[in-house]
Amino acid sequence: MPELPEVEVTRRSFGERIHGARVTAVRLGKPLRWPLGCEPHSLVAQSVGEVSRRAKYLWLPLESGGLLMHLGMSGSLAFCDAPGEAGLHDHFDLVTDRGTLRLTDPRRFGAVVWSPSRESGLAAKLLAGLGVEPFDPAFTGAYLHAALRRRRVAVKLALLSGDIVVGAGNIYACEALFAAGIDPRTRSDRVSLRRCELLAAAVRDTLARALALGGSTLRDFRDAHGMAGEFQLEAQVYGRAGQSCRACGTPIRRWVQGQRSTFFCPTCQRR
DNA sequence: AAGTGGACCTGCTAGC
DNA sequence: TGCTAGCAGGTCCACT
């Protein structure tokens, strides 16, 4: 589910309200991707700092360290005053004096992991090796070109790998490649500098547009207030196999790369 | 180092 | 109506 826009929309929807709150209880549901890494009760009475994001991870600072959270494929966070009984898929509650932050994640690919800091423990290991942030000025066409030059995998897979640029998942990688007019099957080392400039701009613009629209709600994404996103209504290719390209009318094609669906317009996107 | 495929887990839908 | 196969927004890990 959540790519960078959804994670950032989520962060913005509860970060300010939880800042300064004090933890009063922690409830765990079924196991997530990794064990919490600390005694849940040890978090009680600690105050919450300013929530930040790196790639698709959120970092919730506490006094003894912090919680690194990931929404996986199906996770979402809600922050509310009276959350009610935990449901079947509610696997983590951080109860505070200002409300409860609840992770709902049916598939349980998500994670909540305690670390002494972002720079140590499991958090450091998970954050190591991540590529540049898409809105970082360092993410330029020249940077992208230099990184892609060393790879032979299809450019779509290079975007998804997360070690060049972070944030674009399956939806936005497809959409950015469409916006840049690049065939997702193109070998990374054959994308010219000129087209890398277009692609870097397309990644940035696509993610920014999605952010402005509150992300994409395909089935169940909601921000911490329960608001759905609207980017999916503007998708040019994602999930549109067989439908006509909004730009040229050619049927959108579906192709499998790295065991995942890629959607593209064979006319608008060229190798 | 880079590339490949499997693993994790649940729910929904299309098709027979 | 009921079963099954296939698909889903991520990314870690082992192996070549």
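Heavy-atom basis, side chains included; hydrogens, waters and symmetry copies ignored.
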Check: Which part of the nucleic acid does A/Ser161 contact within heavy-atom distance under 4.0 Å: base, sugar-phosphate only, or nothing?
Finding: nothing

Check: Within the structure, does a side-chain N or O atom of A/Tyr57 lie under 4.0 Å from either OP1 or OP2 of C/dC12?
Finding: yes

Next item on the list: Whole angstrom is fine here: how far is it from CE in A/Met69 over to P in C/dG10?
Entry: 18 Å

Notebook entry, point to check: In whole Å, what is the span from the CE atom of A/Met73 to the P atom of C/dG6?
Noted result: 17 Å

Notebook entry, point to check: Above 12 or not: heavy atoms from other molecules or residues under 6.0 Å from CZ of A/Arg190?
Noted result: no

Next item on the list: Enumerate the residue pairs fulfilling side-chain hydrogen bond (donor to acceptor under 3.5 Å, both in side chains) with a member in residues 126-151 of chain A, sequence neighbours excluded, ordered by first and then second residue.
Entry: A/Arg53-A/Glu133, A/Arg54-A/Glu133, A/Arg151-A/Asp163

Next item on the list: Let me know which of A/Tyr57, A/Trp59, A/Phe109 forms a ring pair (Phe, Tyr, Trp, His ring centres under 6.0 Å) with A/His70.
Entry: A/Tyr57

Notebook entry, point to check: Does A/Tyr238 have any ring pair (Phe, Tyr, Trp, His ring centres under 6.0 Å) partners at least two apart in sequence or in another chain, and if so, which?
Noted result: A/Phe263

Check residues 226-233 of chain A and write down every donor-acceptor pair under 3.5 Å in which the side-chain atom is one partner and the other belongs to a residue at least two apart or another chain.
residue  : atom : partner  : partner atom : Å
A/Gln232 : OE1  : A/Thr217 : N            : 2.9
A/Gln232 : NE2  : A/Thr217 : O            : 3.4
A/Gln232 : NE2  : A/Gly229 : O            : 3.2

Notebook entry, point to check: Partners of A/Thr250 by side-chain contact (heavy atoms from CB on, under 4.5 Å), sequence neighbours excluded?
Noted result: A/Cys248, A/Cys265, A/Pro266, A/Thr267

Next item on the list: Select from A/Thr217 and A/Leu126 the residue whose nearest nucleotide in DNA chain C is closer to the 5' end of that strand.
Entry: A/Thr217

Next item on the list: Would you mind reporting whether A/His225 and A/Arg17 have side-chain heavy atoms less than 4.5 Å apart?
Entry: yes

Checklist line | Gap between atoms CZ and C1', on A/Arg260 and C/dG9 respectively (whole Å) | finding: 7 Å

Notebook entry, point to check: Counting just side-chain N and O atoms, does A/Lys125 come under 4.0 Å of either OP1 or OP2 of C/dT11?
Noted result: no

Next item on the list: Just grab all the side-chain hydrogen bond (donor to acceptor under 3.5 Å, both in side chains) pairs involving residues 165-179 of chain A, residues at least two apart or on different chains.
Entry: A/Glu6-A/Tyr172, A/Lys156-A/Asn170, A/Tyr172-A/Ser216

For nucleotides 13-16 of chain B, give me every protein contact, N/O to N/O, under 3.5 Å, one pair per line with atom names.
none

Note to self: Rounding to an integer number of Å, can you tell me how far A/Arg149 CZ sits from B/dA2 P?
What the structure shows: 13 Å

Check: Roughly how many Å is it from CG in A/Asp163 to P in C/dG10, rounded to a whole number?
Finding: 15 Å

Next item on the list: Between C/dT11, C/dA8, C/dC12, spot the one nearest the side chain of A/Arg254, thanks.
Entry: C/dA8

Next item on the list: Please report, rounded to the nearest Å, how far the P atom of C/dT11 is from the CH2 atom of A/Trp34.
Entry: 9 Å

Margin query: Tell me the interatomic distance from A/Leu127, atom CG, to C/dG10, atom P, rounded to whole angstroms.
Written below: 17 Å

Table please: side-chain donor-acceptor pairs of residues 24-36 of chain A below 3.5 Å, with sequence neighbours left out.
residue : atom : partner : partner atom : Å
A/Thr24 : OG1  : A/Val95 : O            : 3.2
A/Arg27 : NE   : A/Asp93 : OD2          : 3.0
A/Arg27 : NH2  : A/Asp90 : O            : 2.8

Item checked: Value in whole Å for how far the C1' atom of C/dC12 lies from CG of A/Leu68 -> 14 Å

Margin query: What's the gap between B/dG6 and C/dG6 when it is taken at their P atoms, as a whole Å value?
Written below: 15 Å

Margin query: Under the rule for salt bridge (Lys or Arg N to Asp or Glu O under 4.0 Å), what residues qualify as partners of A/Arg152, not counting sequence neighbours?
Written below: none

Check: Between A/Tyr172 and C/dG9, is there a side-chain N or O to OP1/OP2 distance below 4.0 Å?
Finding: no

Note to self: Strictly by salt bridge (Lys or Arg N to Asp or Glu O under 4.0 Å), give each pair with a member in residues 60-80 of chain A just once, sequence neighbours left out.
What the structure shows: A/Arg22-A/Glu63

Notebook entry, point to check: Could you run down nucleotides 3-12 of chain B 5' to 3' and tag each one B, S or - for protein heavy-atom contact under 4.0 Å?
Noted result: SSBB-BBBS-

Item checked: By salt bridge (Lys or Arg N to Asp or Glu O under 4.0 Å) - contacts of A/Glu197 (at least two apart) -> A/Arg194

Margin query: Pairs counted only when both distances fall under 3.5 Å, Watson-Crick or G-U: show me the 5' to 3' dot-bracket for DNA chain B, [ ] for pseudoknotted crossings and | for other-strand partners.
Written below: .|||||||.|||||||

